[in-house]
Amino acid sequence: MNRELEKHPDPAELERRWYSWWMEKGLFEGDETAGGDPYTIVIPPPNVTGILHMGHALNSTIQDVLIRWQRMKGRNALWVPGTDHAGIATQNVVEKALAKEGITRDDLGREAFVERVWAWREQYGSTIVNQLKMLGASCDWGRTRFTMDEGLSDAVLEVFVRLYDKGLIYKGNYIINWCPRCRTALSDEESEHQDTNGHLWYIRYPIQGGTSKDYVTVATTRPETMLGDVAVAVNPRDERYRGLIGKTVILPVIERELAVIEDDFVDPEFGTGVVKVTPAHDPNDFELGQRHDLSPLNVMNEDATMNSAAGQYEGQSRETCRENLVADLERLGLLDRTEDHRHAVGHCYRCDTVVEPRLSPQWFVKMKPLARPAIDAVKDGRIKFVPERWTKVYLDWLENIRDWCISRQIWWGHRIPVFSCQDCNHSWAAKGSPTTCPSCGGSKIQQDPDVLDTWFSSWLWPFSVFDWPRDNESLKLYYPTQTLTTASEIIFFWVARMIMSGLEFMGDIPFSEVYIHGTVRDDDGLKMSKSLGNSIDPLEIIEKYSADSLRFSLMMLTATGQDVYVSDEKFKTGRNFGTKIWNAARFMNMHTNEFSGSVHEPKFDIELLSPDDQHILIKLHKTAEECEENLVKFRLNDAAKSLYEFFWHQYCDWYVEYSKEILYGDDEARKENTLLIMHHVFSSALRLLHPFMPFLTEELWHAMGYNTVHESIMIAPFPVALKASQLKSGGVHAAAESYVDAKHDLIREARILRANYNLTPSQKVNYIVKPASDELAQRLMSDQHSVATLLKAESITVDSEYEPDRATPGGLSRLGHVYMPLESLIDIEKELGRLNRQIAKVGEQLDKVTRKLDNMDFVNRAPATVVEHEKERKKGLLEEHEKLQQLIDMLSDNSS
RNA sequence: GGGCGAUUAGCUCAGCUGGCUAGAGCGCUGCCUUCACACGGCAGAGGUCACAGGUUCAAGUCCUGUAUCGCCCACCA
């Protein structure tokens with residue numbers, strides 16, 4: 001039964017209603033027992049404590065469009081949702097909350113703290129999930145996974161033990177990126193380089209046994225680390241310092257003796273050509289120190305305050321120490337000079353604190369052996385990146401991959417499953433909680449206190465969500481997945497590592513296509529972020545306009561892989577479009593009592609098809625075709641645009657207007673037929689649109705009564721474009737399209753005439769059409785009514801012999817000339833001005849074409865079709881030029 | 001230092017395999033509150049496609065270089 005529709009939809013109400021209905025009906029659920037052709041997407045798991053931002057909205061909408069589209073195409077579609085425990089980020093959030101209560105994690109102790117985090121997760125963990133639901137995400141929520149769930153934790157342990165036993169996980173003392181605020185190690189990827197204005201301090205190190213004028217000058221960007229210097233190095237080929245090698249210099253302030261060593265690493269061109277060697281605080285120096293057998297000297301604590309090795313600076317922060325030390329050097333006359341220096345400084349990706357290179361014992365994964373297969377999988381095309389340019393970024397990273405530091409000195413995360421025996425020092429990796437040492441049988445067992453990098457669980461996501469390592473039907477059917485949709489920021493963190501782990505543990509790629517979408521920015525081009533305060537909250541947009549508006553607008557804006565610039569204003573596009581469709585439905589419902597047709601087997605009578613009917617059917621199929629092609633290529637904006645163009649400009653602007661002639665007329669058979677066509681077209685277009693605007697289309701599916709055939713639009717078949725030959729057997733001929741296009745052209749010309757003479761709608765006009773050919777004359781004769789209706793004209797006269805009078809304004813269309821005989825309404829000066837401007841333009845183009853056609857190179861070398869086209873164009877331009885000249889002459893006569 | 005992307009109407013952007021008479025949305029101007037929709041209709045104004053060379057019958061599109069903006073990668077202190 002058709003429902004009467006209000007003037008505007010009530011999105012908040014209908015979105016809530018349909019979402020719960022979909023859930024009740026289980027329409028989002030994948031069924032591994034159903035077999036078929038699976039189409040699987042695993043969601044990039046958002047942080048469990050996160051809230052939905054525009055980036056999530058974009059990312060999730062893309063995935064939902066893809067999954068809904070594939071589901072309608074009949075594939076066994078499954079979108080697996082879940083959240084990430086986000087070790088450092090979540091721990092930080094909880095620590096902040098504790099700070100408000102005046103306590104630290106140390107006050108609580110490890111166990112109690114972890115409990116607090118779990119409690120936090122219980123309280124806030126479903127926020128982002130609920131927000132995704134508001135967006136309309138059709139995830140199979142019953143399969144929601146969390147990276148700290150038992151099953152996923154089991155996968156983490158399994159993987160750790162396997163890699164450990166294979167010798168791919170090792171522990172070592174190396175310089176890592178250390179965040180002094182989070183007090184943990186970071187991976188290279190977690191240290192973000194930012195260009196920073198700093199200084200280069202030139203410091204004099206006196207030479208032992210020399211006079212006060214004997215010193216070497218060393219340049220450094222971090223003077224405080226000099227307290228940890230253990231040598232000074234020069235390049236062996238550097239003539240300037242030949243005599244220095246083997247001598248001893250005195251570290252200022254601390255007055256420690258430092259050997260001068262030689263090493264090829266030193267660049268004579270940079271600074272003074274003399275480098276201070278600080279193995280505990282710089283990765284290069286660390287290696288240098290190893291080559292020369294120098295023991296590192298760590299001068300900082302975990303929180304980057306100076307430790308006892310820093311002598312008088314002990315207890316100061318690295319910043320304070322720097323200031324004081326520089327002042328002291330200056331006072332001692334040992335600061336040679338200071339230069340401005342711009343350089344990249346690492347910052348913690350979670351808290352933005354300046355990262356300190358720190359020597360410490362950490363766990364690493366050997367990456368080279370894992371990288372090889374991942375490189376091959378992309379090189380041989382098993383995995384494709386869209387846009388393709390990311391392939392290079394991916395390969396460059398993998399080809400220069402470095403070992404992955406996976407240990408974190410925090411408490412929230414998967415504890416490293418390495419145990420050691422206090423009695424015999426044996427250590428081993430194990431999945432359970434061993435109580436005896438496998439080597440000596442001792443019972444004093446200790447587990448490593450560190451936890452694993454968050455990404456050590458996320459990299460298993462495409463199979464851990466299916467309960468790997470447990471063998472099961474879901475895993476068999478849904479792995480490998482098809483499409484991974486994400487932002488470029490996490491290609492290294494996540495995408496590359498998933499490919500490596502998939503190949504290593506499943507022996508197969510985790511997905512076949514990776515679609516990298518753009519970054520969401522504000523209208524000033526800034527990346528949206530909470531700290532900048534420039535973010536537009538997707539939930540506010542949903543509340544203000546609707547989830548469908550948000551989705552559709554985002555899709556219109558997201559040119560493949562380009563960044564997306566959003567503003568509140570832009571979301572009106574989707575809202576207005578929704579209302580337009582809504583009102584088209586409303587119009588139809590005013591003329592139908594009950595819809596009884598079949599939406600995918602149109603029942604209209606092909607004998608009664610008018611040219612306009614055929615035209616809209618052809619456009620519908622072209623739209624379906626474009627939609628499909630663009631979705632396949634991830635050109636979601638083009639797919640959205642073709643739907644927008646079709647619904648609005650083809651269907652509403654032309655076909656609905658055309659239909660009024662019939663619906664308000666009295667030919668009952670044609671009335672019925674027109675309505676059947678409208679329902680066929682509308683229901684098809686709704687289905688094409690459904691992936692983009694799921695709620696509104698479902699609402700209208702029901703309101704129009706289409707649910708009698710398929711109870712939900714979600715599971716109605718996605719329209720398939722018919723070929724010209726198939727359309728023909730359905731009574732739809734290609735010629736109708738060009739005729740109606742020409743008719744639209746004619747109507748436009750006639751409207752321009754009206755507009756130019758400032759006629760009010762009440763002023764009825766008689767148009768005279770002089771058709772361009774006999775065939776068109778025939779068609780037009782039998783179609784006059786529709787033209788007259790669309791023009792709201794008094795009458796249309798088709799006259800092949802018509803010769804215009806003086807001062808009869810006219811226009812040229814593809815269908816022929818259209819004239820508007822008027823007596824006294826012309827503002828001659830104005831009209832002459834317009835015509836002169838027009839003729840100038842036409843003249844210009846005519847010159848261009850003529851020159852082109854006079855060029856024998858063009859005529860001889862360009863393809864025949866192109867030359868033919870230019871000839872046609874010249875003909876048309878000549879005709880138009882002539883007509884304009886005629887009009888100008890007539891008007892000039894008239895005025896004289 | 002290396003790489004990538006962008007530069008097209010006032011704004012935000014399309015323009016895919018060269019044939020373009022350069023498009024859309026928003027904004028702007030004029031007319032229209034006509035019985036689906038003013039979140040609307042009709043019409044209009046607005047562009048030396050960043051710059052300089054080159055290839056080609058033909059360049060917004062391909063090549064080379066320059067400039068500006070943005071992003072990513074990088075252990076020169």
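It should be emphasised that the depicted structure is a prediction, and the values quoted were computed from it without experimental measurement. Each chain gets a letter, A, B and so on, in the order the sequences are listed, and its residues count up from 1.
Using a 4.0 Å cut-off, some side-chain N or O of A/Lys660 falls inside it from OP1 or OP2 of B/rA36. Within the 4.0 Å cut-off from OP1 or OP2 of B/rG25, at least one side-chain nitrogen or oxygen of A/His649 is found. When the side-chain nitrogen and oxygen atoms of A/Trp648 are compared with OP1 and OP2 of B/rG25, none of them lie within a distance under 4.0 Å. Residue A/Lys580 places at least one side-chain N or O under 4.0 Å from the OP1 or OP2 atom of B/rG41. OP1 or OP2 of B/rA36 has at least one side-chain nitrogen or oxygen of A/Tyr664 nearer than 4.0 Å.
Here A/Tyr644 and A/Trp648 bring their ring centres to under 6.0 angstrom of each other.
Nearest nucleotide to the side chain of A/Met590, out of B/rC16, B/rC35, B/rU21: B/rC35. In the set B/rC4, B/rA43, B/rC39, B/rC4 carries the atom at the smallest distance from any side-chain atom of A/Arg389. Nearest to the side chain of A/Asn576, among B/rC37, B/rG40, B/rC16, sits B/rG40. Minimum atom distance to the side chain of A/Arg751 is reached by B/rA43, of the listed B/rA43, B/rA77, B/rC16. When distances run from any side-chain atom of A/Arg586 to the nucleotides B/rU21, B/rC37, B/rA74, the shortest one goes to B/rC37.
Place A/Asp396 and A/His343 on RNA chain B by their nearest nucleotides, and A/Asp396 ends up nearer the 5' end.
Counting non-hydrogen atoms of other residues, nucleotides and ligands closer than 6.0 Å to CD of A/Glu543 gives a total of 12 or fewer. Within 6.0 Å of NZ in A/Lys874 there are more than 12 heavy atoms belonging to other residues, nucleotides or ligands.
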Could you give me the CA-CA distance, side-chain angles and deciding distance for A/Glu190 and A/Tyr349, then say whether side-chain hydrogen bond (donor to acceptor under 3.5 Å, both in side chains) is met?
CA-CA 5 Å; A/Glu190 289 169 320; A/Tyr349 87 139; 3.0 Å; yes
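The aromatic ring of A/His8 sits over the base of B/rC39, with ring centres less than 5.5 Å apart and planes tilted by under 30°.
Rounded to whole Å, the P atom of B/rC16 lies 16 Å from the corresponding atom of B/rU8.
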